[in-house]
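In what follows, chains are A, B, ... by sequence order, proteins preceding strands, each numbered from 1.
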Amino acid sequence: MLPKVYNPKPTEKKWYEAWVQSDLFSSKPDGDKTERFVMAIPPPNITGSLHMGHALNSTLQDVLTRYHKMRGKNVYWVPGTDHGGIATQNVVEKQLRSEGLTRFHLGREKFLERMWTWRRECGDAILNQQQRMGCAMDLKEGQVRFTMADPCAGAVYAAFEKLWNRGWIYRGKRMINWCVRCGTALSDIEVEHEDRSSKLWHIHYPLENGNPGPVVATTRPETMLGDTAVAVHPEDERHKSLIGRRVKLPLTERSIPVIADTAIDLSFGTGALKVTPAHDPVDHEIGRKHGLPTVRVIGFDGKMTEEAGKNYSGLDRDACRKKVLEDLKTGDFLRDEKPYRQGVSICYRCNQPIEPLESEQWFLKMDELAQPAIDAVKTGKVKFYPGSWEKPYLLWMENLRDWCISRQIWWGHRIPVWYCKKENSKCPPSVSARAAMQSCPHCGHGEMEQDSDVLDTWFSSALWPFSVFGWPDGWPGNDKTLLNYYYPTTVMVTGYEILYLWVARMIMAGLEFMKEVPFKDVYIHGIVRDKHGKKMSKSLGNVIDPLTLMDQYGTDAMRFSLMSQVVPGRDIAFAPEATVGPRNFCNKLYNATRYVLMQLDAPGAKELDQIKTWIQRPERLLKEGNFDLADRWILGRCSETIEQATEALENYRVDEAARLTYEFLWGDYCDWYIEITKYRQAPRSATVLAVLITVLERALKILHPIMPFITEELWHGIYDKLLVDPPKGFLLSSGWPKPFLSVSPEDRKNINFLKGVITDIRVFRFDYNIPPDQNLTVRFKTKTQTADDLLFKHARHFLHPLAKITDARGGVDKPGNPDAGNNYLSPPSSSPDVTYLIPKSEIDLDKTRSRLQKEILSLENQLKSIQARLDNPAFVSRAPEEEVAKARGQIDDVRKKLAHNQDSLQNLLN
RNA sequence: GGGCCGUUAGCUCAGCGGUAGAGCGCCUGCUUUACACGCAGGAUGUCGGGGGUUCGAAUCCCUCACGGCCCACCA
């Protein structure tokens, strides 16, 4: 006998191993024979273990993988990890710091060794977690991609070279976003904005002759040391007279001009802007326009430079602000100090304020890359789910600026540009994508030096959907089979937070290099937040570890929990307790199966043979089975559920598929069908058992993509019990079920009638305080022959136990049939076709009275509402006929029930 | 300053033109031989406010409010 409670852990381990053993997850190109379904995983950064976001992302992809595999497609879900650039380097640098070291102590080469060691450990941990989650990915040697290893790395250099040859990559001195802490440039999109409370300081800049001058407003007083002008609007009456004059820059010996520029906002602050071309993008532009000199007072290390003057040089930028303010106060230059919400730019990797600095960087021109990627979305070659992301995407793409692709870190793809080392060389830099450059292609000089920067990590990410297949030359070897067969991929499953950072760039790169979109669909999911909707973070201490969750409730429960909550584009407020329900569902499934298997002990050899035949040939079951109402109903409902779940999955509505199946299995199959079979006339007939098994088997199939482990376990349990080999060995290869039978309207009506009667009785047992162990005699009065047949022929056996009545008598209520009189009470009925009579002696009269009154009140309200509708001539004349008919039917029904209950109440009061 | 998303039962969310739903929580009964990770029953909502379209609106349109997010060089 199996234990009463499902234990997920051993099951999960057993089946994952079996799947791997059978090489279930591999894919091979097979020409045009089968439809393809291809996905490249958004490669997790190797910065540590996976979080709930990865669990969501991976499970979604796994659901799609398994579903399409079951549909018989050639499915390839490409696994891999991302080197993660700055983020990963930060992790290892942090480790070094705890040892009292920096990367500079080790040097580039040693440091990179350290990085590769980390990548091995971390990469393994990630793969382990993905296996634990049940991911149907082929993780065999050589199948797992990594952005910094071939073939992906080769693709990066090749792409660089091609873009270089296109003339779209250039090097230039520009104002860029510099992260002082990470020590590197960042692209615009890697900068986040945050409102922080700060102050707006008003500083007086006296004229050279000592007379009062303009008062400027600034949020960054420390940069005044680098001011090279004061700018005012040419039309500004307050400052007009100052234009062209010079002011003395406080705290320095310098004098700077007052210039006029229409870019100045008259309404902001004092209307006078201090211009610091070295440290502000706007000022930089003004400086360029007016030919102003640039005084750099903040260095790449975030400390004040010598040009800041000896009082300030060497100070940290924050410390310098304090000192400048003190000194301004002392010199009586500070005129005002107002609280101010300042939009601060911060680094997306370390949250430190960004310093706009001018520096030499590599850029990629975007204008020509963008247009095809815009068209692809506009023409529907790439579709977003949900579609509401299309507009933001287009808006973003239409305002693209050149992409700063160089980073001053060590972990990444080193820029494949070489410089001639000949003294005073005038040779232009050269690109070598494949190998170190030995000699200068221009002058033949034998000593070359490679650019020390590395590429933005997103540069390699942009190529992912084809670099994984060995673009450009093919992989392995120079074989382009994979590339030609698997590209373009079918769908990209990813979060909206990297839509611009990543998805947009993949579309551009795909169109540029492959001349085809990288994926047809983009499933955009949200972020997994904590139960209050807050982002999970270590500092808030609200992080949920998927591993803990899986330990606690089982992998299938976690997966179901996530999948039943995921709506495209929407964040999930995730409470770990939400996994209790799914855990219980697993147990329910397990026990339902346990029950069905127990029933299989009963039949004899002949029936078992029959059942086996039917299980292996379901079409024969449909033809030969001796079905009754309940069988037809559950088979039809099963069919319906297959149809609806399939449609939901086709539309990326995994949540709907999860809910539908849950409701069907628990609400229909367990609560009604199994219960009915327990008490029906031939509970263990071959037909009943075959229906029980068939329906369960189909349900396990549609549930398998979401809950792979338990479904596999139970599915095998069924076949083992029958001593039959499961088709194709595993659920994953067993095929996706098709709808096979629909419920006839009559059957649906009849089963609902019976369910209604059973529920009616259960309800009035409660409402009238009839003790559970009390024998209850119910007299039925049926109004139609069908109702009579259903109750007394068809449902005879199961009606009593399910409704907990011990005796029932009845018959069609013919005119003249003597009423049972005052000794009986008639409780509410859900159907006009039947009324009930129970002896007053068996009920609690007070409770019954109040219950009836409540019921009457509710019916009266319903009556009013429907009556109002029918009284409205516009409704009757303009609404569709069927709606009017429906309302008429309803009002009849309600009227009858009301009259009935009023009678009952009257009867009770007598 | 633009744009997007949300506002439905105590909580987390489905529903998106025909008389309000789920899970969890809550209340009342039940050791009914698959399951107490269970069974049966129950309570709870002016579907954010206001306009409009419609015979009919939680559902479509407009508007406001409040959340959240994204983009943007107002010092």
Side-chain angles (χ1 to χ4, degrees), chain A residues 2 4-6 175 188-189 192-193 200 216-220 223 231 263-265 267-276 280-285 340 342-343 345 356 386 388-389 391-392 395-396 399 496-497 499-500 526-527 529 531-533 553 557 561 564-565 567 569-575 577-578 580-599 655-656 659 662-663 667 670-671 674-675 678 758-759 762-763 765-767 769 771-773 801-802 804 861-862 865-866 869 872-880 882-884 886-887 890 894:
Chain A
L2 290 162
K4 283 184 171 188
V5 174
Y6 172 62
M175 200 70 169
D188 296 332
I189 195 176
E192 288 177 357
H193 302 274
L200 191 62
V216 300
T218 182
T219 53
R220 297 206 59 193
T223 63
I264 307 305
D265 180 355
S267 62
F268 189 89
T270 58
L273 171 74
K274 61 189 267 317
V275 183
T276 323
D280 185 281
V282 180
D283 295 12
H284 188 258
E285 186 50 32
Y340 188 70
Q342 187 194 188
S345 301
S388 53
W389 277 102
K391 210 168 148 185
L395 208 70
W396 163 260
N399 293 290
Y496 60 73
E497 73 274 19
L499 189 72
Y500 309 135
I527 293 165
R529 297 169 178 275
K531 63 173 157 185
H532 306 293
Y553 301 110
S561 183
S564 60
Q565 291 178 72
V567 176
R570 301 264 280 122
D571 288 351
I572 295 175
F574 190 85
E577 309 89 81
V580 172
R583 190 269 318 264
N584 295 352
F585 180 49
C586 288
N587 198 238
K588 186 75 183 177
L589 254 184
Y590 168 82
N591 273 293
T593 308
R594 198 160 69 102
Y595 173 79
V596 171
L597 297 187
M598 275 170 55
Q599 303 315 302
D655 58 321
E656 270 178 27
R659 264 193 299 271
Y662 179 98
E663 278 163 21
C670 291
D671 288 351
I674 288 186
E675 290 308 309
K678 282 180 184 171
I758 291 167
T759 305
R762 285 170 174 171
V763 167
R765 284 202 70 116
F766 256 82
D767 287 347
N769 241 8
D773 52 351
L802 293 189
K804 296 193 177 188
N861 286 335
Q862 279 182 54
S865 133
I866 306 169
R869 262 205 297 166
N872 179 356
F875 173 71
V876 180
S877 62
R878 306 183 74 155
E882 64 205 59
E883 283 303 325
V884 180
K886 206 166 111 190
Q890 282 170 346
V894 173

Nearest to the A:Arg869 side chain among B:U32, B:G18, B:G41, which nucleotide is it?
B:G18

Distance test, side-chain N/O of A:Arg878 to OP1/OP2 of B:C55, below 4.0 Å
yes

In whole Å, measure the gap between the P atoms of B:A43 and B:G21 for me.
12 Å

Side chain of A:Trp396: nearest nucleotide among B:A72, B:G42, B:C37?
B:A72

Any donor and acceptor pair, going by atom type alone, linking the side chain of A:Ser865 with main-chain N or O of A:Asn861 inside 3.5 Å?
no

Does A:Lys588 qualify as a cation-pi partner of A:Tyr662, given the criterion of NZ or CZ under 6.0 Å from the six-membered ring centre and within 45 degrees of its axis?
no

With rounding to the closest Å, how many angstrom separate the P atoms on B:C61 and B:U7?
14 Å

Is the positively charged end of A:Arg869 above the ring of A:Phe875, judged by distance under 6.0 angstrom from the centroid and angle within 45° of the axis?
yes

Closest to the A:Glu883 side chain, choosing from B:G42, B:C35, B:G18:
B:G18

N/O (side chain, A:Asn399) to phosphate O (OP1/OP2, B:C71) under 4.0 Å:
no

Report which part of the nucleic acid A:Leu395 touches: base, sugar-phosphate, or nothing (heavy-atom distance under 4.0 Å, all strands).
nothing

Nearest-neighbour nucleotide for the A:Gln890 side chain, B:G3, B:U19, B:A75 considered:
B:U19

Distance test, side-chain N/O of A:Tyr340 to OP1/OP2 of B:A75, below 4.0 Å:
yes

For a quick check of understanding: with a heavy-atom distance under 4.0 Å over all strands, which category does A:Ile674 fall into, base, sugar-phosphate or nothing?
base

For atom C1', what is the distance between B:U8 and B:G48, given to the nearest Å?
10 Å

Base, sugar-phosphate alone, or nothing: which one does A:Tyr553 contact when heavy atoms must sit under 4.0 Å apart?
nothing

Contact class for A:Ala592 vs. all strands (heavy atom < 4.0 Å): base, sugar-phosphate, or nothing?
base

Indicate yes or no for a side-chain donor-acceptor contact from A:Gln565 to the backbone of A:Ser561 under 3.5 Å, with no hydrogens or angles considered.
yes

The side chain of A:Ser388 is closest to which nucleotide in this list: B:C74, B:C4, B:U28?
B:C4

Short N-O contact, A:Glu656 and A:Arg659, less than 4.0 angstrom
no

Base, sugar-phosphate, or nothing for A:Asn872, non-hydrogen atoms under 4.0 angstrom?
sugar-phosphate

Got a sec, which residues hit salt bridge (charged side-chain N to carboxylate O under 4.0 Å, His left out) with A:Glu663, two or more places apart in sequence or on another chain?
none

Can you give me the closest heavy-atom contact between A:Ala592 and A:Ile674, atom names plus distance?
CB-CD1, 4.2 Å

Base, sugar-phosphate or nothing for A:Gly526? Non-hydrogen atoms, less than 4.0 Å.
nothing

Are any protein N/O atoms closer than 3.5 Å to N/O atoms in nucleotides 8-17 of chain B? If there are, list each pair with its distance.
from: B:U12; atom 1: O2'; to: A:Ala573; atom 2: O; distance (Å): 3.4
from: B:A14; atom 1: OP1; to: A:Arg570; atom 2: NE; distance (Å): 3.1
from: B:A14; atom 1: OP1; to: A:Arg570; atom 2: NH2; distance (Å): 3.2
from: B:A14; atom 1: OP2; to: A:Arg570; atom 2: NH2; distance (Å): 3.0
from: B:A14; atom 1: O2'; to: A:Arg659; atom 2: NH2; distance (Å): 2.6
from: B:G15; atom 1: OP1; to: A:Arg653; atom 2: NH1; distance (Å): 3.3
from: B:G15; atom 1: OP1; to: A:Arg653; atom 2: NH2; distance (Å): 3.2

Nearest to side-chain heavy atoms of A:Ala874, which nucleotide of B:C35, B:A75, B:C55
B:C55

Against the side chain of A:Ser865, the closest entry in B:U19, B:A75, B:C55 is B:U19

Over all strands shown, is A:Pro771 touching base, sugar-phosphate only, or nothing at heavy-atom distances under 4.0 angstrom?
nothing

Looking across every strand, which nucleic acid part, if any, lies under 4.0 Å from A:Asp671 by heavy atom: base, sugar-phosphate, or nothing?
sugar-phosphate

Closest nucleotide among B:G41, B:A75, B:G18 to the A:Phe268 side chain
B:A75

How is the base pairing of RNA chain B summarised as a dot-bracket string, given the Watson-Crick and G-U wobble criteria with both distances under 3.5 Å, [ ] for crossing and | for another strand?
((((((((.[[[[.)..(..]]]].(((((.......))))).....[[[[[..)....]]]]])))))))....

Of the listed B:G42, B:U19, B:A34, the closest approach to the A:Val763 side chain comes from B:G42

Distance between the P atoms of B:G50 and B:U46, in whole angstroms?
13 Å

Search all heavy atoms of A:Trp389 against all heavy atoms of A:Gly569 and return the closest pair with its distance.
NE1-CA, 4.5 Å

Does A:Arg594 use its side chain to pair, donor to acceptor, with the backbone of A:Val5 at less than 3.5 Å?
no

Within less than 4.0 Å of OP1 or OP2 of B:C35, is there a side-chain N or O belonging to A:Lys4?
yes

Just checking A:Cys586: base, sugar-phosphate only, or nothing, at a heavy-atom cut-off of under 4.0 Å?
nothing

Using the side-chain heavy atoms of A:Lys588, tell me which of these nucleotides is nearest: B:C39, B:C55, B:G42.
B:C39

